[in-house]
Amino acid sequence: MAVQLFASAGSDRNIRVYDASKGQPSLELKSGGAGSLSIRTSDGASTGHSNSVYALTWVPGQPDIVLSGGWDNTVHVWDCRTGTS
């Protein structure tokens, strides 16, 4: 059975990716230092939004790729396998 994921975002600049069967975040892209969104991985960090995130979508045919749009006038492409933008 394939894992079903969904994502949420908002004014806290955080993006959360959920496993629908668990109802809890399986990946969290959290607001980092200096007001920017960053995710910490074992290989380093990727910086993202500096203001509210108002749009999210999955890339059709790419179940691990999420696009996010923010009030900082940027769009980020996130790879959920690596947690990087």
Side-chain angles (χ1 to χ4, degrees):
M1 181 176 162
V3 175
Q4 293 185 337
L5 302 176
F6 66 93
S8 69
S11 62
D12 64 357
R13 301 183 309 267
N14 296 338
I15 298 170
R16 292 171 185 87
V17 178
Y18 293 82
D19 177 338
S21 68
K22 297 178 183 173
Q24 296 180 352
S26 57
L27 178 62
E28 197 163 353
L29 306 163
K30 296 189 95 175
S31 182
S36 63
L37 178 83
S38 65
I39 183 169
R40 301 283 175 196
T41 66
S42 60
D43 297 336
S46 177
T47 301
H49 295 286
S50 62
N51 205 335
S52 299
V53 179
Y54 64 85
L56 289 175
T57 191
W58 297 96
V59 174
Q62 299 291 324
D64 296 311
I65 307 297
V66 177
L67 303 178
S68 62
W71 285 111
D72 56 2
N73 297 318
T74 64
V75 173
H76 290 271
V77 180
W78 295 95
D79 186 332
C80 293
R81 296 166 296 194
T82 62
T84 58
S85 169

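For the numbers below, each heavy atom of this structure counts, side chains included, while hydrogens, waters and symmetry mates do not. Note that this is a predicted model, so its numbers are computed, not measured.
- At least one side-chain heavy atom of Trp58 sits less than 4.5 Å from a side-chain heavy atom of Val17.
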For the pair Cys80 and Ile65, evaluate side-chain contact (heavy atoms from CB on, under 4.5 Å) and give the outcome as yes or no after the intermediate values.
CA-CA 6 Å; Cys80 293; Ile65 307 297; over 6 Å; no
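- Every residue meeting the side-chain contact (heavy atoms from CB on, under 4.5 Å) condition with Trp71, not counting sequence neighbours, appears here in chain and number order: Asn51, Ser52, Tyr54.
- Residue pairs meeting the salt bridge (charged side-chain N to carboxylate O under 4.0 Å, His left out) criterion with at least one partner in residues 73-85, sequence neighbours excluded, are Asp64-Arg81, Asp79-Arg81.
- The side-chain heavy atoms of Leu67 and Leu56, taken from C-beta on, include no pair separated by under 4.5 Å.
- Applying the side chain to side chain donor-acceptor pair (under 3.5 Å) criterion to Thr74, with sequence neighbours excluded, gives His49, Asp72, His76.
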Run Tyr18 and Arg16 through side-chain contact (heavy atoms from CB on, under 4.5 Å) and show every step you take.
CA-CA 6 Å; Tyr18 293 82; Arg16 292 171 185 87; 3.6 Å; yes
Give the intermediate values and the outcome of side-chain contact (heavy atoms from CB on, under 4.5 Å) for residues Ser68 and Trp78.
CA-CA 8 Å; Ser68 62; Trp78 295 95; 2.9 Å; yes
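- Connection of Val53 to Leu5 is established within a shared hydrophobic cluster, with ILVMFWY side chains joined at heavy-atom distances below 4.5 Å, either directly or through further cluster members.
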